[in-house]
There are 2 protein chains.
Amino acid sequence: MKRHALIFGLVGGTLIATLQYTEYRFVVLEHSVELYGALVAVLFAAFGIWLGLRITRRRETIRETVVLKEVLVPAETPALEPFAPNTEQQRTLGITARELEILALIARGLSNREIATELFVSENTVKTHCARAFDKLGAARRTQAVQRGKELGILP
Amino acid sequence: MKRHALIFGLVGGTLIATLQYTEYRFVVLEHSVELYGALVAVLFAAFGIWLGLRITRRRETIRETVVLKEVLVPAETPALEPFAPNTEQQRTLGITARELEILALIARGLSNREIATELFVSENTVKTHCARAFDKLGAARRTQAVQRGKELGILP
DNA sequence: GATGTCGTCATCCTTTCGGGTGATTTTGCG
DNA sequence: CGCAAAATCACCCGAAAGGATGACGACATC
């Protein structure tokens with residue numbers, strides 16, 4: 001969490017410096033202060049939203065839930081079932097919550113980049129999780145990982 | 001979510017107006033632009049963080065209520081549903097039998113090369129079928145194609 | 001015979017994935 | 001606090017996948 005403050009300070013400082021530097025170029029224009037205000041407002045609002053999302057991201061510990069899944073669907077409504085994940089399999093395979101999260105996003109057809117954006121992490125991190133999850137699942141490709149995950153009941 | 005945008009606009013507008021109004025009081029001071037920048041930055045960063053919190057909190061609460069539920073269902077066999085393919089969708093999308101065949105193999109986690117071996121055709125042919133099928137499904141990746149195919153009921 | 005669809009195969013090029021390795025930071029827990 | 005697990009990030013490299021385009025033959029249909 002220390003890094004967030006650092007980033008905040010850096011961005012702020014850079015922006016202030018930029019303002020100070022560019023002041024002599026645009027201050028002769030009309031309404032430059034308002035433009036500055038709007039610019040800074042937009043930038044920092046975006047940054048704040050990002051930061052807010054980032055620091056409040058769900059960090060819940062795994063709960064102990066013993067669950068068996070219910071199938072028996074007439075193949076017409078593919079959704080709507082709550083999907084009780086098979087935590088048993090997940091645990092025995094050593095798949096972490098984060099890895100499962102990424103597996104689920106893979107199953108939904110997202111690319112690594114999209115997953116990275118969705119989870120506010122770098123693409124490299126996603127790839128690392130992927131590699132670990134694939135290894136634990138014995139899969140060589142993401143499609144295979146999805147297939148295995150569904151077989152084992154750890155994916156909807 | 002619409003209300004957030006409204007609040008955002010209101011706060012922004014008010015701040016801009018305030019800036020414009022107070023310009024004539026502080027513009028004579030030194031570094032007024034930097035002060036404006038810092039002020040606006042802090043305010044909007046705080047606002048952004050608040051917005052981020054607000055947005056994510058609701059999701060978390062929903063998640064909370066859903067999570068700790070203990071389901072118990074007779075451990076039945078997966079029911080062996082024969083999967084009646086939705087030929088309707090397939091036809092309207094213009095997906096040929098061969099393309100569907102390759103889609104099914106993709107869903108099973110095979111690579112293009114493995115599919116080519118399985119079907120006794122060249123890898124290029126498989127890729128062509130893939131491209132066509134992906135285009136008809138509106139998918140950019142094979143995982144997405146599988147997801148779409150299952151949604152539409154043309155894949156088990 | 002002209003037309004259209006389907007399956008087949010190719011080439012070129014770009015992007016994405018996956019494997020491997022190493023590193024730092026965060027977090028949970030005793 | 002200190003340790004271990006988990007999460008994060010980076011870099012490299014080769015393989016796989018994907019896009020675009022063109023081509024050819026079989027087959028059906030009008």
Side-chain angles (χ1 to χ4, degrees), chain A residues 1-7 50-51 53-64 90-149, chain B residues 90-148:
Chain A
M1 215 65 76
K2 209 170 298 177
R3 214 172 52 207
H4 292 144
L6 182 64
I7 295 177
W50 172 80
L51 191 60
L53 286 173
R54 169 107 197 179
I55 63 183
T56 62
R57 200 147 24 88
R58 184 170 57 99
R59 282 195 196 282
E60 51 182 295
T61 52
I62 314 171
R63 280 167 215 281
E64 283 284 349
Q90 182 190 341
R91 198 168 304 264
T92 58
L93 290 172
I95 295 181
T96 70
R98 197 58 158 169
E99 286 159 5
L100 185 62
E101 199 175 357
I102 273 148
L103 279 177
L105 292 177
I106 288 178
R108 275 172 42 196
L110 302 193
S111 71
N112 285 342
R113 183 160 307 176
E114 290 167 340
I115 294 175
T117 304
E118 182 100 357
L119 298 182
F120 301 103
V121 296
S122 89
E123 195 176 339
N124 287 314
T125 303
V126 176
K127 288 174 70 175
T128 304
H129 286 308
C130 281
R132 284 207 247 271
F134 294 171
D135 185 53
K136 290 168 184 171
L137 283 173
R141 285 164 291 283
R142 38 181 55 216
T143 48
Q144 204 176 357
V146 170
Q147 162 72 2
R148 291 280 299 138
Chain B
Q90 183 190 342
R91 199 167 304 267
T92 59
L93 290 171
I95 296 181
T96 69
R98 197 58 158 170
E99 286 159 3
L100 185 62
E101 198 175 358
I102 274 151
L103 279 177
L105 293 177
I106 288 178
R108 275 173 40 195
L110 302 192
S111 71
N112 285 342
R113 183 161 306 175
E114 291 167 341
I115 295 174
T117 304
E118 182 101 358
L119 299 181
F120 301 104
V121 295
S122 90
E123 195 177 337
N124 286 314
T125 303
V126 177
K127 288 174 70 173
T128 303
H129 286 309
C130 281
R132 285 207 246 271
F134 293 172
D135 185 53
K136 289 169 184 172
L137 283 173
R141 283 165 290 284
R142 40 183 50 218
T143 48
Q144 202 176 1
V146 170
Q147 161 72 359
R148 291 280 299 137

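Keep in mind the model is a prediction, meaning the values are calculated, not measured. Chain letters run A, B, ... following the sequence lines, proteins first, then strands; residues in each count from 1.
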Measure from CG on Asp135(A) to C1' on dG20(C) and round the result to the nearest Å.
-> 12 Å

Could you check how far CZ of Phe134(A) sits from P of dA16(D), rounded to whole Å?
-> 15 Å

For Thr96(A) and Lys136(A), what are the C-alpha separation, side-chain angles and deciding distance, and is it a side-chain contact (heavy atoms from CB on, under 4.5 Å)?
-> CA-CA 10 Å; Thr96(A) 70; Lys136(A) 290 168 184 171; 4.2 Å; yes

Using whole Å, report how far CD of Gln90(A) lies from P of dA6(D).
-> 11 Å

Check step by step if side-chain contact (heavy atoms from CB on, under 4.5 Å) holds for Leu110(B) and Thr117(B).
-> CA-CA 10 Å; Leu110(B) 302 192; Thr117(B) 304; over 6 Å; no

For residues Arg98(B) and Val121(B), determine if any side-chain heavy atom of one lies less than 4.5 Å from a side-chain heavy atom of the other.
-> yes

Just do the side-chain contact (heavy atoms from CB on, under 4.5 Å) check on Leu105(B) and Val126(B) with the steps written out, would you?
-> CA-CA 11 Å; Leu105(B) 293 177; Val126(B) 177; over 6 Å; no

For Lys136(B) and dG19(D), what is the distance between atoms NZ and P respectively, to the nearest whole Å?
-> 14 Å

What's the shortest heavy-atom distance between Leu103(B) and Leu137(B), and which atoms?
-> CD1-CD1, 3.7 Å

Every protein N/O lying under 3.5 Å from an N/O of nucleotides 7-14 of chain C:
from, atom 1, to, atom 2, distance (Å)
dG7(C), OP1, Arg98(B), N, 3.4
dG7(C), OP2, Thr96(B), OG1, 2.8
dT8(C), OP1, Arg98(B), NH2, 2.8
dT8(C), OP2, Arg98(B), NE, 2.8
dT8(C), OP2, His129(B), NE2, 3.1
dT8(C), O4, Arg132(B), NH2, 2.9
dC9(C), OP2, Ser122(B), N, 2.7
dC9(C), OP2, Thr125(B), OG1, 2.9
dC9(C), O5', Thr125(B), OG1, 3.4
dC9(C), N4, Thr128(B), OG1, 3.2
dA10(C), OP2, Asn124(B), ND2, 3.4

Between Ile115(A) (CD1) and dT16(C) (C1'), how many Å, whole number?
-> 12 Å

Can you pull out how bent the helix from dG1(C)-dC30(D) to dG30(C)-dC1(D) is, comparing the axes over its first five and last five pairs, to 10°?
-> 60°

Would you say a side-chain N or O of Arg141(A) is under 4.0 Å from OP1 or OP2 of dG18(C)?
-> no

Taking all non-hydrogen atoms of both residues, which atom of Ile106(B) and which atom of Cys130(B) are closest, and how far apart?
-> CD1-SG, 3.6 Å

Considering all heavy atoms of both residues, which atom of Glu99(A) and which atom of Gly94(A) are nearest to each other, and what is their separation?
-> OE1-O, 4.0 Å

Compare all side-chain heavy atoms of Glu114(A) with those of Arg141(B) and state whether any distance is below 4.5 angstrom.
-> yes

Report the distance from atom CG of Leu103(A) to atom C1' of dA7(D), rounded to the nearest whole Å.
-> 15 Å

Nearest to the side chain of Arg142(B), which nucleotide is it out of dT16(C), dG18(D), dG19(C)?
-> dG18(D)

Take the protein atom CD of Gln144(A) and the nucleotide atom C1' of dG19(C), then report the distance between them rounded to whole Å.
-> 15 Å

Beyond-backbone contact of Asn112(B) with Arg142(B), side-chain heavy atoms, under 4.5 angstrom | yes

Using a 4.0 Å heavy-atom cut-off across all strands, classify Asn112(A) as base, sugar-phosphate, or nothing.
-> sugar-phosphate

